[in-house]
Amino acid sequence: KCIACRNGKTNCCTDIKVCGVHDDGGMREYFVVPSYSLLQGNGLTLDELALAEPLAIGAHGISRAAVKKGEFVLVIGAGPIGLGLMEFARIAGANVIAMDINPQRLLFCKEKLNIQFVINSKEENPARLLKEITNGDMPTVVIDATGNLNAINTSFQYMAHGGRYVLVGLQKENISFSHPEFHKREGTLMSSRNATKEDFNHVMDCMKKELINPATYITHRVSFDKVKDEFAGWLNPENGVIKAMVSLD
């Protein structure tokens with residue numbers, strides 16, 4: 001068990017343990033794992049391989065939602081994980097809608113990922129725009145990639161009848177929603193956590209087929225000896241960081 005579990009503060013390790021999250025050791029110089037657990041790069045570049053894991057989280061979320069061609073999929077949160085969700089929703093043939101409060105991120109969605117529909121929930125009326133975009137039906141899939149409690153609670157109202165709501169962003173507090181509203185929609189609520197080997201293989205296959213361009217996500221690059229000087233700036237939304245790549249040269 002992780003330190004928190006051993007101290008009785010949580011019970012997060014009852015079903016899964018992730019190295020560096022639930023268990024110490026994620027930053028070790030060496031780590032021994034069974035060879036059958038490793039995925040082969042098969043010619044992908046180091047940049048592509050570095051992006052396989054965050055993109056696999058998006059691939060897993062879309063798999064959990066069982067996205068079908070032609071569906072309207074609303075992704076709330078245009079950070080790195082949200083962008084990956086949008087990409088794999090697009091690859092699945094969905095009509096993707098991006099929602100965020102950061103104009104730079106929404107512009108990135110339009111210009112770099114070719115997302116047709118973007119909504120700034122801070123400056124616009126999301127419910128009204130979603131009705132217009134979906135011809136009054138609302139999105140059949142709603143995915144939260146923010147982990148923000150208010151965003152999660154608010155987004156229940158964006159679901160279509162029979163819609164699926166997938167929580168990818170992690171919120172540690174209790175979520176709340178109107179049960180009658182959720183019930184009358186016959187909605188499905190589910191979570192999506194980490195990724196499977198199949199998700200990783202799907203991501204790498206999409207890279208090989210050039211359905212995804214990993215270079216799009218790398219907005220900043222720095223040598224290892226400059227990380228200490230640059231790291232704080234990566235946390236500032238105004239700097240437009242999607243993914244920062246650290247190199248040893």
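A quick note: this is a predicted structure, and the numbers were derived from the prediction, not measured. These values consider heavy atoms only, across backbone and side chains, with no hydrogens, waters or symmetry-generated copies.
- Electrostatic pairing of Arg164 and Glu71 counts as a salt bridge here, judged by a charged N lying under 4.0 Å from a carboxylate O.
- In Phe31, the CZ atom is crowded: over 12 heavy atoms of neighbouring residues, nucleotides or ligands sit closer than 6.0 Å.
- One finds the CG atom of Leu74 at 8.5 Å from the CD1 atom of Ile133 (value rounded to the nearest 0.5 Å).
- Residues Gly77 and Thr146 approach most closely at CA-CG2, 3.6 Å, considering heavy atoms.
- Contact detail for Lys197 and Tyr36: the closest heavy-atom pair is NZ-O, 3.7 Å.
- Between Phe177 and Leu189 the shortest heavy-atom distance is CE2-CD2, 4.4 Å.
- In the displayed structure, Lys110 atom NZ is contacted under 6.0 Å by at most 12 heavy atoms of other residues, nucleotides or ligands.
- The aromatic ring centroids of Phe88 and His60 lie 6.0 Å or more from each other.
- At least one donor-acceptor pair closer than 3.5 Å links the side chain of Asn148 to the backbone N or O of Asn150.
- Across all non-hydrogen atoms, the minimal contact from Ala98 to Cys109 is CB-SG, 3.9 Å.
- When each of Thr219, Ile218, Thr216 is paired with Ile242, the side-chain contact (heavy atoms from CB on, under 4.5 Å) condition holds for Thr219 and for no other.
- Here the side chains of Val118 and Glu124 are not in contact, with every heavy-atom distance at 4.5 Å or above.
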- [ ] Step by step, work out the side chain to side chain donor-acceptor pair (under 3.5 Å) result for Asp225 and Ser223.
- [x] CA-CA 6 Å; Asp225 61 335; Ser223 60; 2.5 Å; yes
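- Scanning both residues, Val166 and Ser191, for their nearest heavy atoms gives CG1-C, 4.4 Å.
- Minimum heavy-atom separation, Asp199 to Ser63: OD1-CB, 4.2 Å.
- Ring-plane geometry between Tyr165 and Phe156 is classed as perpendicular, the angle between the planes exceeding 60 degrees on a 0 to 90 degree scale with a lower cut at 30.
- The closest side-chain heavy-atom distance from Tyr217 to Leu83 is below 4.5 Å.
- Shown here is Leu235, whose CG atom has more than 12 heavy atoms of other residues, nucleotides or ligands within 6.0 Å.
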